[in-house]
Amino acid sequence: MKTFHIHFFENRKIYFAISIGIMAVGLIFNIIFGTQLDIMFTGGAVIKYSYTGAIQQETVEQVVQDVAKKDVSVRILENVKSADGSAAANNVSISFSGTNSISVDDQQAIAKALTAKYPDAGFKVVESSSVNPTMGHSFLLKCIAAVALAFILLILYIAIRFKKIGGAAAGTMAIIALLHDVAMVYFTFVIFRFPINDNFIAVVLTILGYSLNDTIIIYDRIRENRRLLGPKTPYSALVNTSINQTFTRSLYTAGCTFAAIATVFIVGQIYGLTSVTTFALPMMVGVVTGCYSSVCIAGPLYVMWENHKAAQKTAAAK
Amino acid sequence: MKRVAKPVFFIVALLILILSYTATFGVKGQNGDNTTTYIKGAGDIRWGIDINGGVEATFSPETKTKATKEQIDSAKSIIEVRLTSSHITDYELYTDYNNDRIIVRFPWKNDEKTFDPESAIQELSATALLTFREGGEYTTTTTGSDGQPVYKTPKGTTAANIILQGNDIKSAKAQMIQDQTSGKAGYEVSLELNDSGTQKFADATQKLQGQIISIWMDDVMISSPRVDAVISDGKCSITGNFTAAEASSLANKINAGALPFKLTTTNFSTISPTLGASSLHAMTLAGIIAFVLISLFMLFVFRLPGFVAVIALMGQTALSFAAVSGYFPFVNSFTMTLPGIAGIILSVGMGVDANIITASRIKEELWAGKTLDGAIQRGDDNSFWAIFDGNITVIIVALILMGVFGPTNILSMIFGPSTTGSIYSFGYTLLVGIIGNFVFGVTATRLMTKSLSGFKFARNKWLFGGAKA
């Protein structure tokens with residue numbers, strides 16, 4: 001049976017460098033592209049129509065602007081495939097600037113005006129969304145509160161379950177690993193220019209659970225090995241052995257979960273289901289970083305902390 | 001090691017197969033033209049609006065002052081009457097008293113030819129027209145969501161003679177009354193009219209003594225009481241063997257016609273049915289492919305425990321379907337959305353973890369030199385707490401997801417029920433998946449593995465990951 005002998009603790013500088021490097025790239029993208037919040041958090045309106053034939057983007061913009069008295073930006077997507085075999089149609093997506101919602105009357109007026117302009121296009125509403133900014137903001141607050149709550153509960157759980165091997169240290173290092181994962185998911189959204197929407201919150205929460213799951217496996221092994229190897233074994237050796245022993249399992253599980261989500265992503269990509277792909281891609285990234293952070297970040301950080309505590313103790317004793 | 005009898009494997013596997021089959025296809029009985037559904041299958045799953053297409057809208061009263069709870073309830077009942085009258089029985093309706101909001105969500109009917117969500121929303125939020133009319137003639141009857149008949153469209157004298165209108169009514173309240181003779185408690189609706197209505201009503205009750213005055217909301221008859229006496233002071237009560245709920249519902253509807261404010265639509269979102277159907281198809285495909293990939297992987301890498309894992313995963317997925325479709329009588333059927341399906345797929349990917357941990361542990365013990373039985377026992381025991389802790393964290397996350405993205409709960413005390421429901425479905429399927437994992441990935445797997453190891457052909461360390469003998 002394959003046993004690994006990777007020096008996780010010794011290589012920690014490399015791992016930290018990789019993480020910081022990726023985050024720096026993400027930060028640069030963030031500065032360039034800015035954070036784009038979806039209308040469900042900011043308020044605003046988007047309407048997507050399907051049509052046949054040809055239409056002009058500028059004409060559509062003009063028509064809608066005249067009716068709605070607001071600036072709009074129009075995007076055209078041609079030949080959107082349908083998974084159930086029906087004919088491919090063209091989609092036009094109208095985004096209204098500003099954060100105010102539009103009224104139902106306005107939406108009807110827009111549909112009428114467009115049909116008058118292009119009577120043969122057969123405009124049909126595919127999806128539409130109009131959100132009031134106050135509601136959007138309160139929803140955003142609720143989501144942030146949820147993520148904060150999740151952090152607190154999960155850290156409490158770890159601190160209690162792993163008291164024997166230094167609950168606070170274990171908990172804190174797990175938080176750092178989780179924050180690392182959240183940042184990676186966030187940067188995925190930024191780099192691929194997905195607007196931050198409820199999918200982001202769902203992915204963040206899921207990856208919190210998943211990454212912690214991974215970290216727990218390692219801590220569990222550390223706890224067991226502490227019993228087996230005795231209290232004299234240095235933390236670096238203890239953690240290295242534990243991580244190496246659980247490494248196959250970490251890889252397998254990450255692999256299976258990744259495969260499951262990757263299938264969803266690929267199928268969604270083929271059929272142009274943006275709601276699915278914006279959910280699946282960050283999840284894929286999250287699974288990878290979740291595994292990586294548990295193995296390469298949380299473990300070595302934990303050793304550093306415990307060594308630091310031990311050094312403080314010996315210094316105080318002197 | 002506790003010996004597990006050999007037939008146990010077959011029993012467990014058979015139970016899982018039955019569960020999988022019935023959860024997917026349901027159990028239906030054919031009786032001539034009628035199909036009675038004994039147990040619901042995956043085909044009976046109620047799909048959310050992102051799959052079925054549909055409308056979600058938030059209504060708020062257009063008023064500067066805060067509306068009272070009764071006013072919001074009345075407004076809600078207008079919407080309910082209209083939904084029923086449009087044959088929309090499968091709707092979700094939430095009220096948020098703190099923020100004066102009413103949130104309605106309903107799927108688009110499958111056979112509806114035109115997708116005109118804007119009209120639907122406008123119909124729902126239009127100002128209610130409450131009328132009291134002479135007689136009780138109606139044109140059509142349909143069945144409401146609670147099985148009660150719904151009478152629509154007044155005709156004849158009922159259409160012609162309107163006695164009272166919404167602004168003639170001051171208030172309606174549900175009251176409890178004590179029957180003097182029998183001592184039983186009953187419920188009635190006590191009505192108070194404005195000055196404008198008192199005289200009109202006195203005349204009408206005089207003229208129509210012993211006859212029916214029907215009460216209409218828009219085009220739907222909501223009550224048809226008989227006139228017992230002449231009402232000249234503008235105060236009367238409507239009796240009719242009402243339960244508390246019925247009396248309160250009728251009072252709400254009457255009050256709704258007298259609301260001092262209009263409802264405006266602050267939020268709305270619509271999804272067309274065609275977009276949804278395509279998404280469902282894609283996700284189902286993805287789910288099947290993912291399941292097959294994971295199964296192949298487990299079989300190839302872990303051999304016999306991998307085989308057990310595939311059966312356990314099947315059981316876990318079946319349980320997910322069952323929990324959503326209303327298979328179990330004690331679990332309500334649930335609206336399933338695209339993230340919900342993603343949740344099932346994800347919980348399969350994460351659930352297989354339990355089997356991977358256990359099988360890896362068994363493999364480790366075999367390589368450390370333990371006997372087959374010893375390795376299985378130690379593998380099971382040592383892996384349990386790791387699986388337990390890992391699953392608990394996912395349960396915590398799933399509960400939070402359900403709390404943030406679902407209807408009224410503790411978090412709602414701070415921020416109000418949200419307008420997004422699709423992620424709620426994700427939290428639910430994740431939660432069910434993990435519970436299923438405990439049942440199948442842990443308990444059933446251990447039973448099946450131990451039972452299988454009793455067979456002669458299985459007494460081979462290689463099958464469990466050990467070295468070739």
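What you see is a predicted model, and the numbers here were worked out from it, not measured in a lab.
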Quick one: what part of A:I261 sits under 4.5 Å from any heavy atom of chain B, side chain, backbone, both or neither?
-> side chain
Any idea which of B:A290, B:G287, B:A57, B:G427 has the most non-hydrogen atom pairs under 4.5 angstrom with chain A?
-> B:A290
Between B:R378 and A:E224, is the closest basic N to carboxylate O distance under 4.0 Å?
-> no
Sort A:Y157 into side chain, backbone, both or neither according to what part of it lies under 4.5 angstrom from a heavy atom of chain B.
-> side chain
Distance from A:R223 atom CZ to B:W385 atom CH2, nearest 0.5 Å?
-> 9.0 Å
Region of B:V348 in contact with chain A, defined by heavy-atom distances below 4.5 Å | neither
Which atoms of A:F162 come close to chain B, meaning under 4.5 Å heavy atom to heavy atom: side chain ones, backbone ones, both, or neither?
-> side chain
What part of A:T215 lies closer than 4.5 angstrom to a heavy atom of chain B: side chain, backbone, both or neither?
-> neither
What's the shortest heavy-atom distance between A:R221 and B:E364, and which atoms?
-> NH2-OE2, 3.0 Å
Quick one: what part of B:F297 sits under 4.5 Å from any heavy atom of chain A, side chain, backbone, both or neither?
-> side chain
Determine the option with the most heavy-atom pairs under 4.5 angstrom with chain B, choosing from A:V287, A:V267, A:N199.
-> A:V267
Residue, of A:G209, A:G255, A:C256, that accumulates the most heavy atom pairs under 4.5 Å with chain B = A:C256
If you round to the nearest 0.5 Å, how far is CE of A:M283 from CD1 of B:I345?
-> 10.5 Å
Residue among A:I47, A:T206, A:L208, A:L153 with most heavy-atom pairs under 4.5 Å to chain B | A:T206
A:I216 side, atom CD1; B:T393 side, atom OG1 - distance, nearest 0.5 Å | 4.5 Å
Most heavy-atom pairs under 4.5 Å with chain B, out of A:I266, A:L212, A:T253, belong to A:T253
Roughly how far apart are B:I400 CD1 and A:C143 SG, rounded to 0.5 Å?
-> 12.0 Å
Value rounded to 0.5 Å, distance of OH in A:Y252 from CD1 in B:I357 | 14.0 Å
Could you have a look at B:I392, B:I289, B:T265 and say which one has the most heavy-atom pairs with chain A under 4.5 angstrom?
-> B:I392
Return the minimal non-hydrogen interatomic distance between A:V264 and B:A286, and the atom names on each side.
-> CA-CB, 3.7 Å
What's the spacing between B:I387 CD1 and A:D220 CG if we round to 0.5 Å?
-> 10.0 Å
For chain A, the option from B:V394, B:L401, B:L430 that forms the most heavy-atom pairs under 4.5 Å = B:L401
Mind ranking B:L293, B:V352, B:L346 by heavy-atom pairs under 4.5 Å with chain A and telling me who comes out on top?
-> B:L346
Where B:G349 and A:A260 come nearest, the two heavy atoms and their spacing = CA-CB, 4.4 Å
